[in-house]
Asks: 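Got a structure here, written out as structure tokens. Questions coming.
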Amino acid sequence: MNTPAATEPATADPPTAGYVLDANWHAERARLDSLTRLYDPRTLAVCDQLGLAAGWRCLDVGAGTGSLALALAERVAPAGSVVALDIDTRFLEPLAAPRLETVALDVTEEPLPRAEFDLVHSRLLLEHFPARGDVLENMIGAVKPGAWVLIEDFDWVTALVVDPSSDLHRRMVSAIRSVFIRHGYDPHYGRTLPRRLRAAGLTDVGTRAEAIQVDADPLIGVPQWELLADQFAPSLLSSGLVDQADLDAFHELLHDGHTVCFAPLMVSCWGKARA
Ligand SMILES: C[S@@+](CC[C@H](N)C(=O)[O-])C[C@H]1O[C@@H](n2cnc3c(N)ncnc32)[C@H](O)[C@@H]1O
């Protein structure tokens, strides 16, 4: 199938806005684990650079599996603590411990505590919300004066980078992007973070941006793309942008043992609340 990628899939159904990934989907835990394996070490390196230390009180918003919150709790022990907050705490509940509190809360609807934390972090969250500006403001309000906000979101500028060149890869990634956009996702939110954190009055704004190389492994493939394509399969097929043969061929491509993909650019942006 050689249909050129369109920006919006055609469908009669009005899209739901906001976060559309499904915690009930059978492999969602595996999909999230494939992301934390790549990004947790990098996030922790930035936190260390910001001075993360014993005694800090941290908040991870949209904490997912809680793997990062757990690592932060180890870093801030014994006097510090971490709140792992998510709209769906199914993966977080088994982790609850004296230094790690889990909270079920919809951050688009409910306020966060004010001026309570030394570090407020979110990763791969704000990019999903049409009202992402309000949520960012809510998060910034949760840090103590002089404390840090660290926001990490993708910019899809590198999402089509692949070697050898592949029309199938381009069409599949473009179709996945279209499904997200239809629900209010901003695929270029990452690049706007420095500007937004400065505009929100934060100081010492800094950024680290990295597009991680991900190899098409014959055994594990590229779960970050494949599990997204599998979860979105009904929307991808109904969009008409790709067909079942494309979905099958995408899996083959991502297990071929020599293709190299580059992940979307992960933009990690931090800023300090005025003292
Ligand atoms: C893409 S996952 C990222 C998880 C984690 N931050 C990471 O990078 O591994 C987004 C997480 O945000 C949570 N989430 C989505 N909408 C939310 C909301 N309105 N309020 C709080 N959490 C939300 C989801 O349940 C999911 O766990």
Side-chain angles (χ1 to χ4, degrees), residues 36 39-87 89 92 95-129 131-153 189-190 192-209 266-275:
T36 59
Y39 294 111
D40 278 4
R42 288 159 166 95
T43 300
L44 286 169
V46 175
C47 292
D48 287 341
Q49 188 186 318
L50 297 180
L52 178 71
W56 277 28
R57 180 154 169 76
C58 305
L59 170 66
D60 192 18
V61 182
T65 66
S67 61
L68 181 75
L70 203 54
L72 290 173
E74 283 165 13
R75 293 272 217 286
V76 301
S81 61
V82 177
V83 176
L85 180 155
D86 205 289
I87 195 169
T89 52
L92 297 176
L95 305 180
R99 287 191 313 276
L100 179 56
E101 182 190 351
T102 66
V103 171
L105 184 141
D106 180 347
V107 77
T108 64
E109 295 288 340
E110 297 172 68
L112 296 170
R114 308 302 291 172
E116 184 175 325
F117 297 96
D118 300 290
L119 173 70
V120 173
H121 169 263
S122 79
R123 189 176 64 199
L124 301 177
L125 180 73
L126 293 180
E127 59 195 24
H128 291 276
F129 301 139
R132 51 187 75 80
D134 295 340
V135 180
L136 177 60
E137 206 177 297
N138 195 3
M139 289 172 55
I140 290 173
V143 290
K144 295 174 185 166
W148 292 101
V149 176
L150 170 59
I151 309 291
E152 305 186 280
D153 280 297
Y189 188 60
T192 73
L193 286 172
R195 171 169 57 84
R196 292 184 194 284
L197 295 198
R198 282 196 199 105
L202 298 182
T203 66
D204 302 81
V205 172
T207 301
R208 169 186 162 151
M266 174 62 87
V267 182
S268 307
C269 189
W270 56 88
K272 198 185 242 190
R274 288 182 197 280

Asks: Can you tell me which residue among Leu72, Val103, Val83 is in a side-chain contact (heavy atoms from CB on, under 4.5 Å) with Leu59?
Replies: Val83

Asks: Considering only heavy atoms from C-beta outward, does the side chain of Leu112 approach that of Phe117 to under 4.5 Å?
Replies: no

Asks: Can you list every side-chain hydrogen bond (donor to acceptor under 3.5 Å, both in side chains) pair that touches residues 137-150, not counting sequence neighbours?
Replies: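 Every pair satisfying side-chain hydrogen bond (donor to acceptor under 3.5 Å, both in side chains) with a residue in residues 137-150: Asp118-Lys144.
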
Asks: One pair to check against side chain to side chain contact (heavy atoms under 4.5 Å, CB included): Arg196 and Ile151. What are the steps and the verdict?
Replies: CA-CA 11 Å; Arg196 292 184 194 284; Ile151 309 291; over 6 Å; no

Asks: Met139 and side-chain contact (heavy atoms from CB on, under 4.5 Å): which partner among Val61, Leu150, Asp134?
Replies: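 Answer after filtering Val61, Leu150, Asp134: Val61.
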
Asks: At their closest point, which heavy atom of Ala273 faces which heavy atom of Val143, and how far apart are they?
Replies: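 Looking at all heavy atoms of both residues, the closest pair is CB-CG2, 3.6 Å.
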
Asks: Can you name the residues that form a side-chain contact (heavy atoms from CB on, under 4.5 Å) with Pro41, not counting sequence neighbours?
Replies: none

Asks: Taking only residues two or more places apart in sequence or in another chain, which ones pass side-chain contact (heavy atoms from CB on, under 4.5 Å) with Arg198?
Replies: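 Here the qualifying residues are Pro194, Val205.
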
Asks: Looking at every heavy atom in both Gly62 and Asp86, which two are closest together, and how far apart are they?
Replies: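 Of all heavy-atom pairs spanning Gly62 and Asp86, the closest is C-OD2, 3.3 Å.
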
Asks: Does either side chain, that of Ser268 or that of Arg42, offer a donor lying less than 3.5 Å from an acceptor on the other one?
Replies: no

Asks: Not counting sequence neighbours, which residues clear side-chain contact (heavy atoms from CB on, under 4.5 Å) with Ser67? List them please.
Replies: Thr36, Asp40, Thr65

Asks: Would you check, one step at a time, whether the test side chain to side chain contact (heavy atoms under 4.5 Å, CB included) holds for Leu136 with Leu197?
Replies: CA-CA 9 Å; Leu136 177 60; Leu197 295 198; 3.9 Å; yes

Asks: For the residue pair Ala275 and Pro145, what are the closest heavy atoms and their distance?
Replies: CA-CB, 3.8 Å

Asks: Can you name the ring-ring contact (aromatic ring centres under 6.0 Å, His included) partners of Tyr189, sequence neighbours left out?
Replies: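 Applying ring-ring contact (aromatic ring centres under 6.0 Å, His included) to Tyr189 gives none.
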
Asks: Taking the side chain as C-beta and beyond, is there a heavy-atom pair between Val120 and Ile140 under 4.5 Å?
Replies: no

Asks: With a 4.5 Å cut-off on side-chain heavy atoms, are Leu52 and Cys58 touching?
Replies: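 Yes. Closest side-chain heavy atoms under 4.5 Å.
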
Asks: To check you understand the geometry: which heavy-atom pair defines the closest contact between Val267 and Gly190, and what is its length?
Replies: CG1-O, 3.3 Å

Asks: Atom CG in Asp204, atom CG in Leu50: separation rounded to 0.5 Å?
Replies: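 With rounding to 0.5 Å, CG (Asp204) is 10.0 Å from CG (Leu50).
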
Asks: Roughly how far, to the nearest 0.5 Å, is CG of Asp60 from CG of Leu119?
Replies: 8.5 Å

Asks: According to side-chain contact (heavy atoms from CB on, under 4.5 Å), who are the partners of Leu70, at least two apart in sequence or on a separate chain?
Replies: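 So Leu70 forms a side-chain contact (heavy atoms from CB on, under 4.5 Å) with Leu95, Leu100.
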
Asks: So which of Leu68, Val82, Val149 actually passes side-chain contact (heavy atoms from CB on, under 4.5 Å) with His121?
Replies: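 When Leu68, Val82, Val149 are each tested with His121, the side-chain contact (heavy atoms from CB on, under 4.5 Å) holds only for Leu68.
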
Asks: Check whether any side-chain N or O of Arg132 sits under 3.5 Å from a backbone N or O of Glu127 as a donor-acceptor pair, and report yes or no.
Replies: yes

Asks: Taking all non-hydrogen atoms of both residues, which atom of Ala45 and which atom of Arg208 are closest, and how far apart?
Replies: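 Minimum heavy-atom separation between Ala45 and Arg208: CB-NH1, 4.3 Å.
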
Asks: Just wondering, do Leu193 and Asp153 contact through their side chains at under 4.5 Å, heavy atoms?
Replies: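 A side-chain contact under 4.5 Å exists here.
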
Asks: Answer yes or no: is there a donor N or O on one side and an acceptor on the other, between the side chain of Arg123 and the main chain of Glu152, under 3.5 Å?
Replies: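 Such a contact is absent between Arg123 side chain and Glu152 backbone.
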
Asks: Is any side-chain heavy atom of Arg57 less than 4.5 Å from a side-chain heavy atom of Val76?
Replies: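 No, too far: nothing below the 4.5 Å cut-off.
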
Asks: Supply the atom-to-atom distance Ser122 OG to Phe129 CZ, rounded to the nearest 0.5 angstrom.
Replies: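 Interatomic distance, Ser122 OG to Phe129 CZ, rounded to 0.5 Å: 8.5 Å.
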
